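Values below: every heavy atom of this structure, side chains too, minus hydrogens, waters and symmetry copies. Values in this document were obtained by computation on a predicted structure and should not be read as measured data.
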Amino acid sequence: MKTNLRQKYNGLLEKLIRLFTLSGVMFTVTACYGVAPFDTEEKDFVDVEGQVLDENNQPLSSIQVVIQSGHDEHQHRDTVYTNNRGNYRARYIGNCLFLSDDITIIANDTSNVYASDTVHAVSDDIEYVGMNTGADWTINNYYSLENDFQLKKK
């Protein structure tokens, strides 16, 4: 009887520990990432994309592309790398790029074979691509800021 009581106690203790662990994980995820929105609020997606080529129009892979927008406390900075076809893309959700009239895109060869190149764009350079809607879900407006680079050897 004492063994049976001990097994029930251990089982209850194990379930409580699992419950508190799961609750802690859910609290951490919610605190870090927030709760997924379930509304029909309009959301904007801005794709900053392009291709990086060499002097012979051959695609360059693994080129670092830094995208900076805004200024002061509202500055955004993201880094992406080109794939084996020389393409890069960064997606912004919301209107963070629309708030800035100062968007800088830098193509940088971290292997130091090619010289870096920089382009400055403004929010007016962002083109409207289209809209996607559903019955009970978010309206998505798609925009694009395209910029290709042609890097020269140092």
Side-chain angles (χ1 to χ4, degrees), residues 14 16-154:
E14 180 183 347
L16 283 173
I17 290 172
R18 287 183 183 189
L19 176 67
F20 288 129
T21 302
L22 181 60
S23 298
V25 168
M26 293 305 295
F27 175 77
T28 303
V29 168
T30 303
C32 291
Y33 301 106
V35 178
F38 185 73
D39 57 18
T40 56
E41 179 182 325
E42 185 173 319
K43 302 276 191 240
D44 294 330
F45 292 85
V46 181
D47 286 334
V48 178
E49 56 193 339
Q51 188 175 33
V52 181
L53 304 172
D54 67 8
E55 296 165 308
N56 299 319
N57 291 326
Q58 296 300 312
L60 294 173
S61 63
S62 303
I63 299 294
Q64 179 187 60
V65 179
V66 179
I67 302 151
Q68 297 175 180
S69 66
H71 57 289
D72 301 330
E73 69 273 358
H74 300 290
Q75 186 172 21
H76 298 276
R77 179 185 172 107
D78 292 304
T79 302
V80 294
Y81 291 86
T82 58
N83 62 16
N84 59 356
R85 293 183 304 269
N87 297 321
Y88 69 92
R89 185 180 91 171
R91 173 163 283 179
Y92 295 89
I93 300 173
N95 58 2
C96 62
L97 285 180
F98 292 108
L99 297 175
S100 174
D101 277 336
D102 183 20
I103 303 165
T104 303
I105 306 171
I106 305 163
N108 181 36
D109 179 19
T110 56
S111 67
N112 277 333
V113 174
Y114 295 92
S116 296
D117 193 10
T118 302
V119 68
H120 296 283
V122 294
S123 59
D124 290 342
D125 294 329
I126 298 173
E127 295 182 22
Y128 179 72
V129 176
M131 181 171 55
N132 194 358
T133 61
D136 292 325
W137 51 276
T138 306
I139 298 170
N140 298 319
N141 291 308
Y142 293 96
Y143 297 84
S144 178
L145 175 59
E146 292 186 26
N147 188 77
D148 294 335
F149 290 94
Q150 188 167 31
L151 300 184
K152 299 181 191 300
K153 286 193 174 182
K154 288 185 174 183

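Closest approach of V129 and Y143 over heavy atoms only: CG2-C, 3.9 Å. Closest approach of P59 to G86, counting heavy atoms only: CB-N, 3.7 Å. Taking all atoms of both residues into account, the shortest heavy-atom contact from V80 to R89 is CG1-O, 3.8 Å. Nearest heavy-atom pair, L151 versus S116, reported as atom, atom and distance to 0.1 Å: CD2-C, 4.4 Å. The two residues E55 and Q150 have their closest heavy-atom pair at O-NE2, 3.4 Å.
Residues T104 and T118 form a side-chain contact, since some pair of their non-hydrogen atoms from C-beta on lies under 4.5 Å apart. At least one side-chain heavy atom of V66 sits less than 4.5 Å from a side-chain heavy atom of R77. Side-chain contact between I63 and F149 is absent, with no heavy-atom pair separated by less than 4.5 Å. Within the 4.5 Å cutoff, the side chain of Y92 has heavy atoms near those of the D78 side chain. Annotation: side chain of I105 is in contact with side chain of V48 (closest heavy-atom distance under 4.5 Å). Residues I103 and I126 meet the side-chain proximity criterion, which asks for heavy atoms closer than 4.5 Å.
Counting heavy atoms of neighbouring residues, nucleotides and ligands inside a 6.0 Å radius, atom CZ of R91 exceeds 12 of them. More than 12 heavy atoms of other shown residues, nucleotides or ligands fall within 6.0 angstrom of atom NZ in K154.
Expressed to the nearest 0.5 Å, how far NZ of K152 lies from CG of D109 amounts to 15.0 Å. Distance CG/D117 to CD1/I106: 10.0 Å, rounded to 0.5 Å. Distance check: D47 CG to E146 CD gives 9.0 Å after rounding to the nearest 0.5 Å. Taken to the nearest 0.5 Å, the OH atom of Y88 stands 6.5 Å off from the CG atom of D148. The CG atom of N83 sits 5.0 Å away from the CZ atom of R85 when rounded to the nearest 0.5 Å. Atom NE2 of H120 sits about 12.5 Å away from atom CG of D125, to the nearest 0.5 Å.
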field: Criterion side-chain hydrogen bond (donor to acceptor under 3.5 Å, both in side chains) on S144 and E49, from CA distance to verdict
entry: CA-CA 7 Å; S144 178; E49 56 193 339; 3.2 Å; yes

